[in-house]
Amino acid sequence: MKTYLKWLLPIVLLTILSSCFKDEPKKEMRKAAGSWRVEKVTIHTNDSLGNEISSTEISDVGMLLLTHDDEFLFEGTFSYSLDGTALAGSSMYYLFSQSDVWGIGIDGKTFNIGDNDGSTGYTTHVAGFTVLKLTHKKMEFQYVHVHPVTGNLDYMEEWVLKRGTH
Amino acid sequence: MSTCNKLFVLVALIFSTAAATAQDGIGLYIGASGSRLRFPDFQQFVDNYNDPAYIGTDAEKPLSFQPYGFGYEAGAFFRAAGFTMGVGYSKTKTLPSYARLPEGDRCFQFTNWNYSILMGYHIGKIIMPYATFAFSACHIDAYFDYHGVKSYGSEKLLNGVYASWKGIATIGVRFEKCFGHIGPYVDFNYGLGKKEYLGGSFDLTTNSTQDDFFPTDPNAAGTYNVDGALHESYRNMRLSAGVVFYLFDPLAE
């Protein structure tokens with residue numbers, strides 16, 4: 001057997017195996033950890049039937065800082081420096097103001113924020129957002145609110161973040 | 001990485017190192033698969049969900065379990081004097097199970113990943129009965145589709161991704177026909193696994209007792225009550241077909 005063929009098998013096998021574990025939450029949290037520049041926030045407002053009535057775009061509103069311990073054993077610390085005036089109509093900004101920890105859910109499908117009680121150590125979940133995209137360079141997530149009576153989608157925010165401090 | 005994953009990687013590393021130094025008897029396979037997942041405990045959830053007291057009376061389509069799924073598999077093995085031992089990986093995703101409501105579709109989708117160690121024996125040139133032991137992960141994607149806007153967010157208590165890990169055992173038979181070093185195969189197997197809870201949809205921390213389990217009763221969603229958690233059971237029939245490639249000529253064996 002040719003030498004390169006003999007090594008082909010382990011290479012193929014290990015490539016397959018390395019892809020098997022991509023759904024681990026720690027890997028997704030490593031991608032999300034660090035500082036992010038909020039490039040764009042889009043707010044969609046619908047009527048009670050779910051039809052869009054307005055859409056607003058806000059650009060460059062500040063920074064999110066998602067810090068974490070090296071081992072990713074616990075949820076990370078969540079902090080931000082955002083333009084409160086520009087985001088006055090944002091529900092997510094309001095939810096951020098109640099939160100001090102963050103985490104990425106299984107398979108990287110949700111971005112979660114919570115309020116950690118330092119005296120008991122327990123965390124209350126504040127909100128979970130849908131992750132639309134998560135790479136080391138770019139993150140996009142979406143917040144949805146439904147009409148309390150009809151159950152239709154009545155409000156949605158999309159945040160586009162890019163890695164960096166400026 | 002979980003202990004199960006570490007163990008599997010260790011076995012795979014030993015296997016691949018041995019394979020790299022072996023002179024013959026090595027094979028690879030890759031294929032596509034279709035499966036039928038039996039999940040009797042999820043039917044309890046479906047029945048509770050479809051109770052008019054929960055779903056209401058204006059649902060256009062009640063929730064129904066969609067057991068059919070599709071996926072792929074790949075692996076590598078040694079073969080010597082008819083005996084075969086190998087490692088494999090497979091992934092299967094079911095079609096979405098959904099209820100159609102006026103405001104959108106409530107959807108559940110199941111994904112299974114199996115990391116298996118295979119042992120078999122070739123009877124003649126074509127048939128190989130085998131057994132596997134596998135570490136299996138099952139995820140339920142629970143999301144709401146608001147007429148095109150897909151959300152895993154916390155505006156709905158059931159939303160999120162729930163996961164379980166368990167060991168499973170499989171028996172199967174593979175039919176292959178080689179033309180020189182390469183040939184097609186068809187594989188049929190049936191697997192059974194231990195029941196496990198599905199947890200973790202919005203699990204923020206690993207140091208608290210708070211965890212969010214997939215419930216048997218949708219009214220109990222988000223209550224963190226393990227007593228009412230659904231037990232995922234693995235009962236899976238799988239049919240797959242693909243290509244097997246030997247680094248030696250198996251017909252000359």
Side-chain angles (χ1 to χ4, degrees), chain A residues 1-3 5-14 16-21 23-26 44 46 49-50 72-75 101-103 105-114 116 120-132 141-147 150-153 156, chain B residues 1-2 5 8-9 12-13 15-17 19-24 26-28 30 56 74-76 87-89 91 101-104 111 113 115 137 139 141 143-144 146-147 149-156 159-163 200-210 212 222 247-248:
Chain A
M1 189 189 304
K2 290 178 180 174
T3 307
L5 277 178
K6 285 198 294 183
W7 287 101
L8 180 67
L9 174 59
I11 290 166
V12 169
L13 195 59
L14 289 173
I16 292 168
L17 283 168
S18 66
S19 68
C20 296
F21 304 107
D23 51 326
E24 282 189 72
K26 279 184 191 176
H44 304 272
N46 296 356
L49 298 174
F72 286 77
L73 290 176
F74 307 107
E75 70 250 11
V101 293
W102 68 280
I106 298 167
D107 289 346
K109 298 267 174 68
T110 56
F111 173 66
N112 302 297
I113 53 174
N116 184 256
T120 64
Y122 290 116
T123 296
T124 304
H125 187 244
V126 171
F129 312 115
T130 305
V131 174
L132 301 174
F141 46 76
Q142 162 194 282
Y143 168 71
V144 156
H145 186 266
V146 295
H147 193 276
T150 63
N152 288 316
L153 179 66
M156 183 171 76
Chain B
M1 190 183 290
S2 72
N5 288 358
F8 186 82
V9 168
L13 280 173
F15 176 86
S16 56
T17 305
T21 54
Q23 292 304 306
D24 56 24
I26 301 164
L28 301 167
I30 187 163
V87 291
Y89 168 72
K91 180 179 178 180
L101 309 172
E103 65 270 30
T111 309
W113 292 263
Y115 312 94
H139 288 189
D141 279 29
Y143 59 92
F144 206 94
Y146 301 93
H147 304 295
V149 176
K150 189 174 174 179
S151 175
Y152 287 86
S154 55
E155 82 282 357
K156 300 273 187 192
N159 279 1
V161 180
Y162 303 79
S201 75
F202 290 117
D203 190 14
L204 261 172
T205 176
T206 52
N207 69 336
S208 85
T209 55
Q210 179 175 309
D212 193 358
L247 302 187
F248 69 108

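In what follows, every chain begins at residue 1, and chains take the letters A, B, ... in the order their sequences are listed.
Smallest separation of non-hydrogen atoms from B:S154 and A:H125: CB-CE1, 4.0 Å. Pairing each heavy atom of A:I106 with each of B:A163, the nearest pair is CD1-CB, 3.8 Å.
In this view, A:V144 and A:Q142, A:V146, A:L153, A:M156, B:Y146, B:V149, B:S151, B:E155 satisfy the side chain to side chain contact (heavy atoms under 4.5 Å, CB included) rule, not counting sequence neighbours. B:H147 pairs by the side-chain hydrogen bond (donor to acceptor under 3.5 Å, both in side chains) definition with nothing, not counting sequence neighbours.
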(Q) Please evaluate residues B:E103 and A:T150 with respect to the criterion side-chain contact (heavy atoms from CB on, under 4.5 Å), reporting the C-alpha separation (whole Å), side-chain torsions for both, the decisive distance (0.1 Å), and the verdict. (A) CA-CA 7 Å; B:E103 65 270 30; A:T150 63; over 6 Å; no
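Interatomic distance, CG of B:N159 versus OG1 of A:T110, reported as 9.5 Å (0.5 Å rounding).
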